Amino acid sequence: MIKLVRVDHRLLHGQVAFSWTQSLGVDCILIANDDVPQNDIRKTTIKLAKPAGVKLVIKTIEESISALQSGVTDKYKLFIVVESVADAYKLAKVCPEIKHINLGGMKVREGTRNISKAINITPDEEQLVKELVNEGVNVEIRQVPNDKKVAALDAF
């Protein structure tokens, strides 16, 4: 069961690893990212942030989609973390069970505008979010579980 998909350019770090994992009651974190599986430094850093008692799986986007569609992840209470809106969009388009996406950390990049404390979004990303919302996906902005939920569209 997919509990939440989070977009965070830092992927797994203290805030995500502990507050979100505990709040969601998950037993498995899936890092869906095309760079990390081949990047030993990033992989090691992510593994260091893994909370005790929680399974950590690191897969490419395509491998993640295959795993989600195969049913192999069904036995877990799953927290999926991606680096970009585009990656969250790819997963949500092929996995109808993704109903909730959290925008948690998107750094300043060329062409972005700031819409929240830690969210900087491009016009293309904004369009992807709008498409997801129109298809019934709840897209919200929140850094930690105790923060007030802000609907992404309300921030645009």
Side-chain angles (χ1 to χ4, degrees), residues 1-107 109 118-119 121-122 124-145 147 149-153:
M1 170 199 292
I2 299 170
K3 301 288 267 179
L4 181 67
V5 174
R6 177 177 169 95
V7 177
D8 193 321
H9 69 273
R10 296 174 291 174
L11 293 170
L12 194 62
H13 53 91
Q15 178 175 293
V16 170
F18 296 99
S19 59
W20 281 105
T21 301
Q22 287 179 349
S23 173
L24 295 168
V26 299
D27 55 11
C28 183
I29 299 169
L30 170 60
I31 303 296
N33 181 273
D34 287 336
D35 175 60
V36 174
Q38 296 84 248
N39 186 323
D40 288 338
I41 293 172
R42 288 185 83 190
K43 195 185 313 182
T44 299
T45 304
I46 286 168
K47 287 179 179 179
L48 289 171
K50 180 190 90 64
V54 177
K55 181 177 178 67
L56 174 66
V57 179
I58 299 171
K59 293 188 175 294
T60 66
I61 297 299
E62 285 307 314
E63 290 168 344
S64 297
I65 289 169
S66 295
L68 292 167
Q69 291 178 331
S70 75
V72 73
T73 61
D74 292 353
K75 63 185 174 192
Y76 296 107
K77 290 178 253 167
L78 193 60
F79 179 32
I80 302 171
V81 185
V82 297
E83 195 169 34
S84 69
V85 171
D87 288 346
Y89 180 86
K90 286 177 198 167
L91 292 176
K93 291 301 278 185
V94 296
C95 300
E97 58 275 18
I98 294 176
K99 296 291 182 202
H100 192 171
I101 297 174
N102 166 262
L103 303 181
M106 297 166 58
K107 65 184 176 185
R109 295 157 285 136
I119 307 296
I121 194 164
T122 66
D124 289 345
E125 290 168 335
E126 195 172 316
Q127 188 57 44
L128 294 178
V129 168
K130 288 176 182 176
E131 281 184 45
L132 289 168
V133 170
N134 287 338
E135 292 170 13
V137 178
N138 174 15
V139 183
E140 53 123 90
I141 297 170
R142 224 172 1 150
Q143 297 304 298
V144 292
D147 286 352
K149 288 183 188 181
V150 175
L153 293 186

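Computation of the quantities below employed the complete heavy-atom set of this structure, encompassing side-chain atoms and omitting hydrogens, waters and symmetry-equivalent molecules. Nothing here was measured: the structure is a model prediction, and the numbers come from that model.
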Next on the checklist: A side-chain contact here means heavy atoms from C-beta on lying under 4.5 Å apart; do Glu131 and Asn134 qualify?
Outcome noted: no
Next on the checklist: Would you compute the distance between atom NZ of Lys93 and atom CG of Leu132 and round it to the nearest 0.5 angstrom?
Outcome noted: 7.0 Å
Item to check | Close side-chain approach of Val36 and Glu83, heavy atoms under 4.5 Å | outcome: no
Next on the checklist: Can you confirm whether Leu48 is buried at CG, in the sense that more than 12 heavy atoms of other residues, nucleotides or ligands lie under 6.0 Å from that atom?
Outcome noted: yes
Item to check | Separation of Asp35 CG from Ile58 CD1 (nearest 0.5 Å) | outcome: 11.0 Å
Checklist entry - Quick one: does Val137's side chain get under 4.5 Å of Val5's, heavy atoms only? => result no
Checklist entry - Is a side-chain N or O of Asp27 found less than 3.5 angstrom from the main chain of Tyr76, in a donor-acceptor match? => result no
Item to check | Exam field: side chain Gln69 to backbone Val94, donor-acceptor pair closer than 3.5 Å | outcome: yes
Next on the checklist: Test your reading of the model: is there a side-chain donor-acceptor pair from Lys99 to the backbone of Pro96, 3.5 Å cut-off?
Outcome noted: yes
Checklist outcome for this item: dist Gln38:CD -> Thr60:OG1 (nearest 0.5 Å) comes out at 7.5 Å
Checklist entry - Does any non-hydrogen side-chain atom of Ile29 lie less than 4.5 Å from one of Pro51? => result yes
Checklist entry - Where do Ile119 and Gly105 come nearest, in terms of heavy atoms and distance? => result CD1-N, 3.7 Å
Checklist entry - Do you know the tightest heavy-atom contact between Ile61 and Lys90? => result CG2-CD, 4.1 Å
Item to check | Euclidean distance, Ser84 OG relative to Arg109 CZ, rounded to 0.5 Å | outcome: 8.0 Å
Next on the checklist: Per the salt bridge (charged side-chain N to carboxylate O under 4.0 Å, His left out) rule, what does the pair list look like for residues 8-22, sequence neighbours excluded?
Outcome noted: Arg6-Asp8, Asp8-Arg10
Item to check | Considering all heavy atoms, the nearest Val85-Val7 contact | outcome: N-CG1, 3.8 Å
Checklist entry - Nearest heavy-atom pair of Val26 and Lys77: which atoms, and what distance? => result CB-O, 3.1 Å
Checklist entry - What distance do Leu12 atom CG and Lys47 atom NZ have between them, rounded to the nearest 0.5 Å? => result 12.5 Å
Checklist entry - How far apart are the C-alpha atoms of Ser64 and Ile80, what are their side-chain angles, what is the distance that settles it, and do they pass the side-chain contact (heavy atoms from CB on, under 4.5 Å) test? => result CA-CA 9 Å; Ser64 297; Ile80 302 171; over 6 Å; no
Checklist entry - Ignoring hydrogens and geometry, is there a side-chain-to-backbone donor-acceptor pair from Gln143 to Gly104 under 3.5 Å? => result yes
Checklist entry - CD of Glu97 to CD1 of Ile2: how many Å apart, nearest 0.5 Å? => result 4.5 Å
Item to check | Heavy-atom side-chain contact between Met106 and Glu125 under 4.5 Å | outcome: yes
Item to check | Ile31 and Leu56, any side-chain heavy atoms less than 4.5 Å apart | outcome: yes
Checklist entry - What's the shortest heavy-atom distance between Ile101 and Ala88, and which atoms? => result CD1-CB, 4.1 Å
Next on the checklist: So Asn102 and Trp20, do their side chains get closer than 4.5 Å, heavy atoms only?
Outcome noted: yes
Checklist entry - What pair of heavy atoms forms the shortest contact from Ala152 to Leu103, and how long is it? => result CB-CD1, 4.2 Å
Next on the checklist: I want to check something: taking the side chain as every heavy atom from C-beta on, are Thr73 and Cys28 in contact at a cut-off of under 4.5 Å?
Outcome noted: no
Item to check | Donor-acceptor under 3.5 Å (Lys43 side chain, Pro37 main chain) | outcome: yes
